[in-house]
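Residue numbers count from 1 along this sequence. All of these numbers come straight from a predicted model, not from anything done at the bench.
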Amino acid sequence: MRYLMMQKAGGAEPDAKLYADMAAFVEELTASGVLLATGGLDPDGFKMTSAGDEITVTDGPFTEAKEAIGGFALIEVRSREEAIELGRRFRRIVGDGESLIHQVYGP
């Protein structure tokens, strides 16, 4: 089962301990084969909408900074419970804030 774990932007400024703790967590997940991809997201982005044959591209940002997704991790785990446990471990490392986790369907 694959899950997309998204971290809302904001929160405390990263310090050396946070970087070290996160690096160890990422290294562990990578070595175990659980972590498929990770990265930060451009806060502005762009939006594409279509109506009939017309496709419109609109530059962001679109949400308040506290609602924007700042980063993501794509994981592959055996169960929803395992995804929740990894999410709990992540939240303990980064502290206060909010994460969104969605199961990814398809190949």
Side-chain angles (χ1 to χ4, degrees):
M1 304 173 87
R2 288 180 294 155
Y3 285 86
L4 182 61
M5 305 173 75
M6 297 167 285
Q7 165 67 22
K8 286 199 173 181
E13 286 295 315
D15 60 12
K17 181 179 178 350
L18 175 61
Y19 280 120
D21 291 349
M22 188 55 65
F25 186 55
V26 167
E27 186 176 318
E28 174 191 337
L29 297 183
T30 301
S32 69
V34 168
L35 185 62
L36 303 177
T38 187
L41 300 175
D42 173 8
D44 293 339
F46 58 91
K47 170 174 59 174
M48 296 181 73
T49 56
S50 59
D53 291 334
E54 186 174 331
I55 298 173
T56 304
V57 177
T58 307
D59 290 331
F62 304 103
T63 60
E64 293 183 40
K66 66 181 182 178
E67 295 295 320
I69 301 298
F72 74 95
L74 180 62
I75 59 171
E76 187 160 10
V77 293
R78 293 179 295 277
S79 66
R80 178 179 187 269
E81 291 73 24
E82 188 176 352
I84 290 170
E85 181 54 32
L86 291 176
R88 288 181 194 275
R89 288 181 60 197
F90 173 80
R91 294 279 4 131
R92 285 186 192 108
I93 292 169
V94 299
D96 294 345
E98 186 176 355
S99 296
L100 303 172
I101 301 174
H102 293 266
Q103 186 172 359
V104 177
Y105 299 111

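- In this structure, the side chain of T38 does not engage the main chain of L74 through any donor-acceptor pair within 3.5 Å.
- When hydrophobic clusters are built by joining Ile, Leu, Val, Met, Phe, Trp and Tyr residues whose side-chain heavy atoms come closer than 4.5 Å, directly or via intermediates, I84 is not grouped with M6.
- One finds a salt bridge joining E98 and K8 here, because a Lys/Arg side-chain nitrogen approaches an Asp/Glu carboxylate oxygen to under 4.0 Å.
- No side-chain heavy atom of E76 sits less than 4.5 Å from a side-chain heavy atom of Y3.
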- Message: Does V34 form a side chain to side chain contact (heavy atoms under 4.5 Å, CB included) with V77? I'd like the steps, not just the answer.
- Response: CA-CA 6 Å; V34 168; V77 293; 3.8 Å; yes
Counting only pairs under 3.5 Å, give me each side-chain donor-acceptor contact of residues 40-62, with atom names and distances, residues two or more places apart or in other chains.
residue	atom	partner	partner atom	Å
D42	OD1	D44	N	3.0

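- Atom CD1 of I69 and atom CE of M5 lie 12.5 Å apart (nearest 0.5 Å).
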May I have the list of side-chain donor-acceptor pairs in residues 99-107 shorter than 3.5 Å, sequence neighbours left out?
residue	atom	partner	partner atom	Å
S99	OG	Q7	OE1	3.1
S99	OG	R91	NH1	2.9

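- The list of side-chain hydrogen bond (donor to acceptor under 3.5 Å, both in side chains) pairs with a residue in residues 25-36, not counting sequence neighbours, reads E28-R89.
- Residues I75 and L36 fail the side-chain proximity criterion, which asks for heavy atoms closer than 4.5 Å.
- Taking CZ of F90 as the start and CG of L29 as the end, the distance is 11.0 Å to the nearest 0.5 Å.
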